[in-house]
Amino acid sequence: MSDFIDFHFDVDGENFVSAGQASVQIKKNLRELGLPPEIIRRISIAMYEGEINMVIHANGGVADVLVNEDKIEIVLEDKGPGIADIDLAMQEGFSTATDRVRALGFGAGMGLPNMKRYTDEMKIESTVGVGTKITMCVYLNK
Amino acid sequence: MKIKTLTELLDAEIICGAEHLERDVQSACGSDMMSDVLAYVKNQAVLLTGLVNSQVIRTAEMMDMICIVFVRSKRPTSEMIEIANECGMVMLCTEKRMYDACGILYSNGLGGTKV
Ligand SMILES: Nc1ncnc2c1ncn2[C@@H]1O[C@H](COP(=O)(O)OP(=O)(O)OP(=O)(O)O)[C@@H](O)[C@H]1O
Ligand SMILES: [Mg+2]
């Protein structure tokens, strides 16, 4: 089916207070589409982790959630510093977050592993000095 | 346990969401690290925390939690109350410290994670 919906968001990198707004909106949209609560929860957590990462590590970016008949794809793209060692970044507990970020309740190095855990597929493409693109996929009929 | 009972046990002030006090909660968790809440919480409906910022509410919302308890008399800002009202989150404020607040709820039958 070519029938799909694209929810697009700009994620403001300057504003920690508004961070997560896209994920809140997506949660609403997916509820309206009548998706199962467990699927909605997995997608919103993965998206929220990614959104927070874009704000605290990459000065914002864009997020797209593509709703297909059989799967939901989350694409997060930023023009931040990029990730030098993706395998290392994927390890639980690895974080370059500053003390300021930690004081805000983040920076345990759990976000990327969590995104992988909650989605069926995850791909990270990143170039240092250029930016990062993370694509996650959740299948609906599994 | 009803949120109302939890409020009484913690001698807590209701900041917002008073219309949801009859809702039932089965388990809770306590943390100041939202990263950990996102990574480890399973089905807990209540979050006890000493951290005060808008991401506490967003994190709770993402985890399908319905009640946040701020310990050590921490108070949410008006901006946070607005966010909480938008998503129907109950926010409570207690003078008790984290350890005591968790202990009181636990010993009154509100469990944590079943490992
Ligand atoms: N979009 C991004 N741009 C640049 N670096 C990133 C990005 N996302 C993650 N990273 C890097 O990968 C590391 C690990 O990310 P991860 O989300 O797992 O942990 P964290 O954000 O540091 O802490 P937590 O997610 O537990 O709050 C980060 O500390 C950061 O160095
Ligand atoms: Mg993170």
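In the text below, chain A, chain B and the rest are named by the order of the sequence lines, each starting its count at 1. All values reported here derive from a predicted model rather than from experimental measurement.
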Original post:
Picking from B:Val56, B:Leu38, B:Val37, which has the most non-hydrogen pairs under 4.5 angstrom with chain A?
Top reply: B:Leu38

**OP:** Give the member of B:Asn43, B:Ile83, B:Asp32, B:Val52 that has the highest number of heavy-atom pairs under 4.5 Å with chain A.
**Re:**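 Max contact count across the listed options: B:Asn43.
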
[X] versus chain A, the contacting section by heavy-atom distance below 4.5 Å:
{"X": "B:Thr59", "value": "both"}
{"X": "B:Ser35", "value": "both"}
{"X": "B:Glu86", "value": "neither"}
{"X": "B:Met80", "value": "neither"}

Subject >> Top contributor to chain B contacts, counting heavy-atom pairs under 4.5 Å, from A:Ala19, A:Gly111, A:Ser44 >> reply: A:Ala19

Subject >> Options A:Met47, A:Glu92, A:Lys28, A:Met110, ranked by heavy-atom pairs under 4.5 Å with chain B, top entry >> reply: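 Heavy-atom pairs under 4.5 Å are most numerous for A:Met110.
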
Co-membership, hydrophobic cluster, residues [X] and [Y], 4.5 Å side-chain:
{"X": "A:Val67", "Y": "A:Tyr139", "value": "no"}
{"X": "A:Val55", "Y": "A:Phe9", "value": "yes"}
{"X": "B:Met98", "Y": "B:Tyr106", "value": "no"}
{"X": "B:Leu21", "Y": "B:Ile104", "value": "yes"}
{"X": "B:Ile68", "Y": "A:Phe106", "value": "yes"}

Per-residue contact mode, [X] against chain B (heavy atom under 4.5 angstrom):
{"X": "A:Ser95", "result": "neither"}
{"X": "A:Ile40", "result": "neither"}
{"X": "A:Tyr48", "result": "side chain"}

[X] atom [atom1]: more than 12 heavy-atom contacts under 6.0 Å:
{"X": "B:Arg97", "atom1": "CZ", "result": "no"}
{"X": "B:Lys74", "atom1": "NZ", "result": "yes"}
{"X": "A:Glu125", "atom1": "CD", "result": "yes"}

**OP:** May I ask you to say whether A:Lys27 pairs ionically with B:Asp64, meaning some side-chain N is under 4.0 Å from a carboxylate O?
**Re:** yes

Can you see which heavy atom on [X] is nearest to which on [Y], and at what distance?
{"X": "A:Gly107", "Y": "B:Met33", "result": "C-CE, 4.1 Å"}
{"X": "B:Arg58", "Y": "A:Val17", "result": "NH1-O, 2.8 Å"}
{"X": "A:Leu104", "Y": "B:Asn53", "result": "O-ND2, 3.0 Å"}
{"X": "B:Val41", "Y": "A:Tyr118", "result": "O-OH, 4.3 Å"}

**OP:** First locate atom CZ of A:Phe16, then atom CD of B:Gln55, and finally report the distance between them rounded to the nearest 0.5 Å.
**Re:** 4.5 Å

Original post:
Would a 4.5 Å heavy-atom cut-off, applied to side chains only, mark A:Ser23 and B:Met62 as touching?
Top reply: yes

Original post:
Counting N and O atoms only, with roles assigned by atom type, does the side chain of B:Asp36 sit under 3.5 Å from a partner on the main chain of A:Ala108, one being a donor and the other an acceptor?
Top reply: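 No, the answer is negative, given that no donor and acceptor are paired below the 3.5 Å cut-off.
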
